[in-house]
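The chains referred to below are lettered A, B, ... by the order of the sequence lines, with proteins before strands, and numbering in each begins at 1.
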Amino acid sequence: MTTELPTKYDPKHCESTWYARWEEAGHFRARPNPDRKPYCITIPPPNVTGELHMGHAMQHTIHDNVTRRKRMQGYETLCLPGTDHAGIATQMKVEEKLYREEGKTRYEVGREGLIERIWEWREEYGNAIYDQLRKLGCSYDWERSRFTLDDGYVAAVLKAFESFHEHGWIYRGTRMINWCPKCGTVISDLETEERLTQGKLWHIRYPGLDGAPDVTVATTRPETMLGDTGVAVHPSDARWQEAVGRQVLLPLMERPIPIVADDYADPEMGSGAVKVTPAHDPNDYEVGARHDLVQIVVIGFDGMMTDHAGAWAGLDRYECRKQVIVALKAAGLLVQIDDHEHAVPHHDKCGTVIEPLPMEQWFMNMEGLAAKARAHLQGGRTEIPQVRYQPDRYRGYALEWLDNIRDWALSRQIWWGHRIPAWYCVDCSGDGLTPLSGYDRDQALKDGAFRVAVEAGARPIVATRQPQACPDCDGTHLVQDPDVLDTWFSSALWPFATLGWPEPTPDLAYFHPTDLMITGRDILHLWVLRMIMTASEFVDQIPFQQVLIHPTILTKDGKRMSKSLGTGLNPLDLVRLYGADATRYSLLAQCGATQDVRFDAQIEDNVVQASASAEAGRNFCNKLWNAARYVMLSVDGNVTPVASAGTGELADRWILSRLAQTIRSIDEAQDSFRFSDVTRTLHEFLWRDYCDWYIELAKPRLLSGQSQGRAQVEGVLVYVLEQALRLMHPIMPFLTEEIWQQLPLADPERPDSLMIASWPEPDAEAIDMAAEADMTFLQAVISSARTIRSELNVPQSKKIHLVLAAGSTASAERLETHRDYVQGLVGAESIDIGTDLTQPASSGSAVVGDIEIYVPLEGLIDTDAEARRLRKEIDKFLSLITALDKKLGNEGFLKKAPTAVVEKERLRRQEYDTSLQKLTSSLEMLE
RNA sequence: GGGCGAUUAGCUCAGUUGGUUAGAGCGCCGGUUUCACAUACCGGAGGUCACUGGUUCAAAUCCAGUAUCGCCCACCA
């Protein structure tokens with residue numbers, strides 16, 4: 001070879017080059033092909049707001065690993081990328097930017113103005129995540145990239161809405177919803193996050209009226225008392241029998257409110273009486289409904305106290321809390337204050353405390369869809385296609401969730417998203433359309449800045465396009481519903497909408513159902529289940545065969561990764577430091593059965609300083625690079641790969657057997673998504689077997705100069721390396737391609753890229769247990785001899801003489817046949833092998849099976865060191881023998897254990913005894 | 001409050017249906033720059049498998065309980 005290869009692998013150089021060449025060659029593209037089976041993954045679309053985080057990096061490394069392997073296996077493999085418009089999150093980001101840069105709020109630029117800015121923002125940042133994925137090496141079909149607000153996708157969303165509405169599942173109704181005062185919108189239960197908060201429990205006395213007893217109630221939210229319209233006690237609570245039906249005086253507001261009997265009150269808690277605020281607590285809302293209690297909204301949509309809060313109107317809800325407490329104290333009605341830890345719902349996007357409020361919204365009844373999804377999750381054998389979960393326990397959680405499903409609040413009071421396809425007639429809606437404060441009616445209707453109240457006369461007309469005229473009054477002045485849909489409504493259609501639905505496209509027919517959905521735990525129900533529901537409903541299929549739940553990535557200390565805490569980890573930092581291949585390797589190596597991964601990166605100021613596991617990946621890259629470098633520099637011209645042992649050389653038989661076994665293990669591990677096993681197995685095979693042993697044994701053969709032997713060893717060296725590169729490619733695409741392209745391989749069939757080369761098949765014929773046993777034996781002998789050398793401080797430059805005293809002719813022959821291996825790898829000048837050899841004077845010694853290994857070292861030997869070594873070995877065997885004797889002396893064991901096990905233990909007992917005797921005599925000799 | 005998962009070497013983790021002396025990588029200690037690689041090579045030390053009990057001839061592995069950590073679900077004031 002004339003090529004000059006640097007001694008270190010440089011990822012930067014070849015990553016961008018190869019990526020561009022693959023893409024140019026169209027290797028990422030997949031199109032319906034009747035001659036091949038399809039394999040399809042639609043990626044979970046990242047938010048356009050987002051930058052790649054470690055969870056993404058893990059997820060996409062898995063995607064691409066699976067995708068590349070399937071492609072090599074001959075499937076028409078599609079990995080379809082896309083991004084999510086991510087309503088609230090994106091709008092929040094752009095609003096922040098708007099305020100930061102222009103000092104304006106969304107209301108100042110108006111609906112159109114804001115949406116325009118969001119699109120601009122998306123153009124600028126929306127594709128950033130694609131570039132990041134490319135840097136990781138993801139071989140996705142970029143020509144098919146989809147966005148949840150692109151034209152075709154919008155058509156799918158409208159169609160879905162219309163269809164659900166026709167079923168009567170989507171309706172307009174008033175219910176208790178979660179309101180985020182900061183974002184000014186409804187959010188669903190699934191978007192709230194309970195945070196454990198250290199708060200207080202205030203006990204307040206409500207004076208009785210007309211002979212009714214005083215009632216003490218406890219609350220974590222005293223400000224809500226301003227909206228209390230009742231007090232509830234349990235119907236069977238003897239203490240309160242007399243009080244039910246009477247009234248107490250609500251302090252501060254000086255309003256008489258009734259005492260009602262309701263099961264909700266828990267006699268065990270406090271006084272047994274509970275205050276009821278129907279407008280600000282989901283439970284109280286129910287209680288209020290049962291007893292016809294008035295709803296008084298005291299906290300408004302902006303988180304400020306309303307006019308109904310009397311003297312406290314206009315205060316922030318938390319300021320009001322403080323003042324209410326002061327006022328109650330002054331009135332002598334605050335009887336007790338306890339520390340109280342409790343869960344408080346927060347908006348998961350912005351962290352604001354949720355305000356529960358009764359409100360009219362669009363809802364979807366989920367029962368029909370839940371039933372459909374449930375049928376696909378039963379497990380076991382059935383006619384109905386089943387979605388498999390890995391790990392399976394998440395399927396159980398999903399079923400549980402479906403059993404408790406509640407109506408889904410669909411509408412959001414934001415501007416970025418799919419506007420609800422419902423229209424109202426301005427002429428006949430009466431008071432059903434009311435402008436938001438600060439707008440006059442005409443402007444409000446024009447800007448979509450109004451509230452809809454079906455209860456007050458608005459009549460929604462659901463249609464995918466604006467109707468010409470009102471079906472009731474023929475009025476032509478129609479306005480669209482101001483709200484947009486929950487982002488998850490659109491993402492729920494992802495797998496089939498990205499393949500063309502609602503059009504009956506060839507893509508949809510060919511690639512759907514898709515094969516794999518890889519996701520984190522956080523959106524299993526929120527998203528994954530809803531995709532199963534909608535696919536079942538709209539295309540009568542499951543959306544994917546299997547759901548793979550990947551580990552959550554934590555920091556070194558087992559904490560959540562978070563940018564704001566300075567523990568966020570940018571995977572591209574790892575790529576920059578160690579290369580994409582090393583990063584991928586490191587992520588897969590940590591992706592085992594355990595759910596959470598503690599990523600070992602050291603982070604300072606949100607920048608990765610170092611990562612031991614990525615460094616291990618880099619070292620492995622470099623090892624592979626240098627192994628290839630050695631092969632290329634050692635062989636003569638283009639080599640014809642050799643896949644058989646030919647002359648029967650042990651090393652060849654052994655490495656080919658190991659290769660076949662490795663392929664089997666890799667297939668098994670890949671198919672069951674045990675990625676850490678995949679990397680471990682390949683690491684072991686390439687580093688230990690191929691580099692440490694096979695190449696070392698090949699060196700003397702390459703130097704010996706016999707042309708026939710040379711062709712054999714060169715052929716096997718190249719063949720095994722080439723096969724291993726194929727196995728490694730889905731993990732380390734860049735490095736493997738780079739090496740593979742340079743391999744001096746005489747193969748006319750060779751495709752233009754490793755990424756479209758075929759996946760290796762294990763050769764059953766090559767599996768050779770005898771060869772593996774022989775090698776294991778020789779490795780043990782060689783290691784023992786090396787240990788003696790090392791422990792007795794024999795310099796490596798010193799050539800030693802080795803005496804191998806075999807306990808049987810079989811062992812002697814075994815050694816004799818492979819004398820060269822031992823001599824070469826131990827670094828011995830000469831070896832004596834025989835059954836009748838005795839221990840030379842002043843020698844180091846060791847025992848392997850029935851072989852005694854002696855290294856004569858006249859004058860050099862440190863007698864004390866050697867004696868220490870031997871005693872330690874002897875002690876080890878003594879304790880082993882003691883344990884074994886106990887076992888073999890146990891009648892229960894002899895009687896009940898399988899005879900094979902007993903036999904094995906007896907044999908071991910003999911071997912130990914032989915070793916012990918030999919070691920003992922060596923020690924005696926020394927002394 | 002209910003459910004689930006985890007606990008194995010200094011660190012991060014493997015350990016498949018119970019059966020040789022519980023493994024790997026990193027780190028540590030000793031040695032080595034002979035022509036693939038010091039991002040390397042050779043060798044070594046290091047574990048009461050969280051704890052307690054049980055089942056079994058035999059338990060890191062199966063069962064029960066305890067502790068610690070984490071996650072999910074839940075309207076308990």
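Looking at which nucleotide of RNA chain B each of Arg598(A) and Lys699(A) is closest to, the 5′-most match is held by Arg598(A).
When the P atom is used for both U56(B) and U61(B), the distance is 16 Å, rounded to whole Å. Between U8(B) and A50(B), the two C1' atoms lie 10 Å apart (nearest whole Å). Rounded to a whole angstrom, the distance from the C1' atom of C51(B) to that of A14(B) is 23 Å. Between G44(B) and A22(B), the distance separating the two P atoms is 16 Å to the nearest Å. Rounded to the nearest Å, the gap between the C1' atom of A59(B) and that of U17(B) is 14 Å. Look at the C1' atom in both U33(B) and C49(B): the space between them is 40 Å, to the nearest Å. G70(B) and C13(B) are spaced 15 Å apart, taking the P atom of each and rounding to whole Å. If you take atom P in U32(B) and the same atom in C69(B), they sit 48 Å apart, rounded to whole Å.
The side chain of Ala612(A) approaches C26(B) more closely than any other nucleotide in the set G5(B), C26(B), C57(B). Residue Lys896(A) places its side chain closer to U56(B) than to any other of G5(B), A36(B), U56(B). Comparing U20(B), G25(B), A74(B) by their closest approach to the side chain of Arg406(A) singles out A74(B).
As judged by a 4.0 angstrom heavy-atom cut-off over every strand, Ala900(A) is placed among residues making no nucleic acid contact. Residue contacts shown for Asp284(A) are absent, as no nucleic acid heavy atom lies under 4.0 Å away. Residue Thr219(A) is in sugar-phosphate contact alone, with no base atom involved, counting any heavy-atom pair closer than 4.0 Å across all strands shown. Among the protein residues, Asp266(A) comes within range of the nucleic acid bases, having at least one heavy atom under 4.0 Å from a base atom. Within 4.0 Å of Tyr264(A), counting heavy atoms only, lies at least one base atom of the nucleic acid. Using a 4.0 Å heavy-atom cutoff across all strands shown, Ala897(A) reaches at least one base atom of the nucleic acid.
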Under 4.0 Å protein heavy-atom contacts per nucleotide of nucleotides 38-47 of chain B, with B for base, S for backbone only and - for none: -BSSSSSS--
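Under 3.5 Å, the side chain of Glu696(A) and the base of A36(B) form at least one donor-acceptor pair of N or O atoms.
A search for salt bridge (Lys or Arg N to Asp or Glu O under 4.0 Å) contacts involving Asp284(A) returns nothing, not counting sequence neighbours. Take Asp913(A) and apply the salt bridge (Lys or Arg N to Asp or Glu O under 4.0 Å) test, not counting sequence neighbours, and it matches Arg909(A). Applying the ring-ring contact (aromatic ring centres under 6.0 Å, His included) criterion to Tyr821(A), with sequence neighbours excluded, gives His818(A). Scanning for salt bridge (Lys or Arg N to Asp or Glu O under 4.0 Å) contacts around Lys904(A) gives an empty result, with sequence neighbours left out. With sequence neighbours excluded, the residues that form a salt bridge (Lys or Arg N to Asp or Glu O under 4.0 Å) with Glu866(A) are Arg869(A). Scanning for side chain to side chain donor-acceptor pair (under 3.5 Å) contacts around Asp189(A) gives Asn178(A), Arg406(A), with sequence neighbours left out.
Checked against the 6.0 Å centroid criterion, the rings of Tyr394(A) and Tyr389(A) do not qualify as a close aromatic pair.
Straight-line distance from the CZ atom of Arg393(A) to the P atom of G3(B): 16 Å, rounded to whole Å. Atom CZ of Arg906(A) is separated from atom P of G19(B) by 21 Å (rounded to the nearest Å). Note: NZ (Lys895(A)) to P (U56(B)) measures 14 Å, nearest angstrom. Rounded to whole Å, atom C1' of A74(B) lies 12 Å from atom CG of Asp189(A). One interatomic measurement links the two molecules: CD of Glu668(A) to P of U17(B), which rounds to 12 Å at whole-angstrom precision. Computed from coordinates, the Tyr394(A) OH to G5(B) P distance equals 10 Å when rounded to whole Å. One interatomic measurement links the two molecules: CD1 of Ile553(A) to P of C13(B), which rounds to 11 Å at whole-angstrom precision. Rounded to an integer number of Å, the gap from Tyr585(A) OH to G25(B) P is 10 Å.
Defined by atom type and a distance below 3.5 Å, a donor-acceptor pair is missing between the side-chain atoms of Arg598(A) and Thr555(A). Counted by atom type alone, Ser188(A) and Glu191(A) present one or more donor-acceptor pairs between their side chains at under 3.5 Å. Remark: the His234(A) side chain and the Asp266(A) side chain contain no N/O donor-acceptor pair separated by less than 3.5 Å. A side-chain donor from one of Asp338(A) and Gln336(A) sits under 3.5 Å from a side-chain acceptor of the other.
Applying the side chain to side chain donor-acceptor pair (under 3.5 Å) test to every pair with at least one member in residues 682-699 of chain A, sequence neighbours left out, gives these pairs: Asp652(A)-Tyr694(A), Arg658(A)-Asp689(A), Arg688(A)-Asp692(A), Glu696(A)-Lys699(A). Within the structure, side chain to side chain donor-acceptor pair (under 3.5 Å) pairs that include any residue of residues 623-632 of chain A comprise Asn626(A)-Arg629(A) (at least two apart or interchain). A salt bridge (Lys or Arg N to Asp or Glu O under 4.0 Å) check over residues 672-682 of chain A, counting only residues at least two apart or in different chains, returns the pairs Arg674(A)-Asp677(A), Asp677(A)-Arg680(A).
Base pairing in RNA chain B yields stems of at least 3 consecutive Watson-Crick or G-U pairs, both distances under 3.5 Å, namely B:1-7 with B:67-73, B:10-13 with B:23-26, B:28-32 with B:40-44, B:50-54 with B:62-66.
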What protein N or O atoms touch nucleotides 48-50 of chain B N or O atoms at under 3.5 angstrom, if any, and at what distances?
none

